[in-house]
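First up is the structure itself, then whatever we jot down about it.
Counting from 1, the numbers follow the sequence of the chain as shown.
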Amino acid sequence: QCDTKFDFITRKHHCRRCGKCFCDKCCSKKVPLPRMCFVDPVRQCAECALISQKETEFYDKQLKVLMNGATFFVTLGASDKSELMVCRLSNNQRYLVLDGDSHYEIEIIQISTVQILTEGFTPGGGSSRAIGMILQYKVPGSEELTQMKFTASEDFSCNKKLSASWLAAMHKVSGGGKTWRAE
């Protein structure tokens, strides 16, 4: 990065993430890299260290929330009937699993859009909170999109804060898809 000439005194250091050679100053960050089986912090260049820190934050925060799941009222398609279901990410992180009286497994790769529904937004810049989500996905063997609407449960036996956290994590992992203000 800095065009340092390596010699007997100025040693090369390899970034454990990208494998490129750097001087000591350009490869001095030590960050855990669990996805490559480095549990203890290892030497990484500045760019890779930043990516590794963001990955760690994602795995520690969003992924755990999504895998633990939350409870929602789920409405399929244009139906006006909703079902109380626990929604969570599967252990292999390939499916969105919905369990209630019915059972659905939606392959993540089949999801085309995620829209988070919010309430409480004020034009002056006040805060809003996630209250639901609209998910569109392709059913295997079909080209048509199926839509599911998730609404945070008003039932006191269900943790509304947990549902809002789950929706926020889903919003973050979906690349900050569209957010719609509830009318």
Side-chain angles (χ1 to χ4, degrees), residues 1-72 86-98 105-118 120-121 124-137 150 152 159-181:
Q1 258 179 334
C2 63
D3 296 326
T4 297
K5 302 294 179 207
F6 300 112
D7 57 26
F8 186 69
I9 297 170
T10 309
R11 297 182 54 214
K12 292 180 185 179
H13 295 282
H14 289 85
C15 171
R16 299 305 188 270
R17 185 179 178 106
C18 68
K20 295 178 185 173
C21 291
F22 297 93
C23 71
D24 185 55
K25 288 180 185 175
C26 293
C27 195
S28 63
K29 304 273 186 203
K30 292 202 174 188
V31 181
L33 190 55
R35 73 178 193 92
M36 293 178 77
C37 299
F38 292 110
V39 179
D40 294 328
V42 292
R43 188 180 289 268
Q44 296 180 43
C45 65
E47 187 177 326
C48 287
L50 183 62
I51 293 168
S52 293
Q53 287 172 333
K54 286 182 180 181
E55 267 183 6
T56 300
E57 180 182 307
F58 168 76
Y59 284 110
D60 286 348
K61 293 181 181 175
Q62 283 79 26
L63 196 60
K64 284 181 183 175
V65 169
L66 291 173
M67 290 179 76
N68 288 335
T71 305
F72 298 95
V86 174
C87 185
R88 65 176 178 79
L89 190 62
S90 66
N91 289 339
N92 66 6
Q93 302 158 18
R94 292 186 59 208
Y95 296 92
L96 201 54
V97 179
L98 291 91
E105 289 186 11
I106 302 168
E107 193 171 11
I108 299 297
I109 199 164
Q110 299 296 330
I111 296 173
S112 61
T113 59
V114 174
Q115 300 169 341
I116 303 299
L117 305 171
T118 63
F121 179 77
S127 63
S128 63
R129 65 184 177 99
I131 60 164
M133 165 177 80
I134 295 176
L135 185 80
Q136 290 184 323
Y137 65 97
F150 298 70
N159 189 335
K160 199 169 185 179
K161 193 173 185 178
L162 181 63
S163 298
S165 296
W166 195 91
L167 289 167
M170 189 67 176
H171 180 66
K172 190 155 188 168
V173 301
S174 65
K178 294 181 181 176
T179 302
W180 298 82
R181 189 173 148 257

What do the steps show when you test Ile108 against Arg94 for side-chain contact (heavy atoms from CB on, under 4.5 Å), and what is the final call?
CA-CA 6 Å; Ile108 299 297; Arg94 292 186 59 208; 5.5 Å; no
Got Leu167 and Phe72 here, is their nearest side-chain heavy-atom distance under 4.5 Å?
yes
Which pair of heavy atoms, one from Met133 and one from Trp166, lies closest together, and at what distance?
CE-CZ3, 3.7 Å
Could you tell me whether the side chain of Ser163 and the main chain of Ala70 form a donor-acceptor pair under 3.5 Å?
no
Between Asp24 and Arg11, is there a side-chain heavy-atom distance shorter than 4.5 Å?
no
Distance check, rounded to the nearest 0.5 Å: Met170 atom CE versus Ile111 atom CD1?
4.5 Å
Charged N-O contact under 4.0 Å between Glu47 and Lys20:
no
Working note: Leu135 + Ile106, criterion side-chain contact (heavy atoms from CB on, under 4.5 Å); need CA distance, chi angles, decisive distance, verdict.
CA-CA 10 Å; Leu135 185 80; Ile106 302 168; 4.0 Å; yes
Applying salt bridge (Lys or Arg N to Asp or Glu O under 4.0 Å) as the test, list every pair that has at least one member in residues 62-72; sequence neighbours left out.
none
Do the non-hydrogen side-chain atoms of Arg88 and Asn68 ever get within less than 4.5 Å of each other?
no
So Leu96 and Tyr137, do their side chains get closer than 4.5 Å, heavy atoms only?
no
So does Asp7 have more than 12 non-hydrogen atoms from other groups sitting under 6.0 Å from CG?
yes
At what distance, to the nearest 0.5 angstrom, does CD of Gln62 lie from OG of Ser165?
10.0 Å
Rounded to the nearest 0.5 Å, what's the gap from NZ on Lys12 to SG on Cys27? Could you check?
13.0 Å
Kindly indicate, with the supporting measurements, whether the criterion side-chain contact (heavy atoms from CB on, under 4.5 Å) is fulfilled by Asn91 and Met67.
CA-CA 7 Å; Asn91 289 339; Met67 290 179 76; 3.8 Å; yes
Point-to-point distance, once rounded to the nearest 0.5 Å, from NE2 of His13 to SG of Cys26
10.5 Å
Under the criterion side chain to side chain donor-acceptor pair (under 3.5 Å), which of Lys29, Gln44, Arg16 is the partner of Ser52?
Gln44
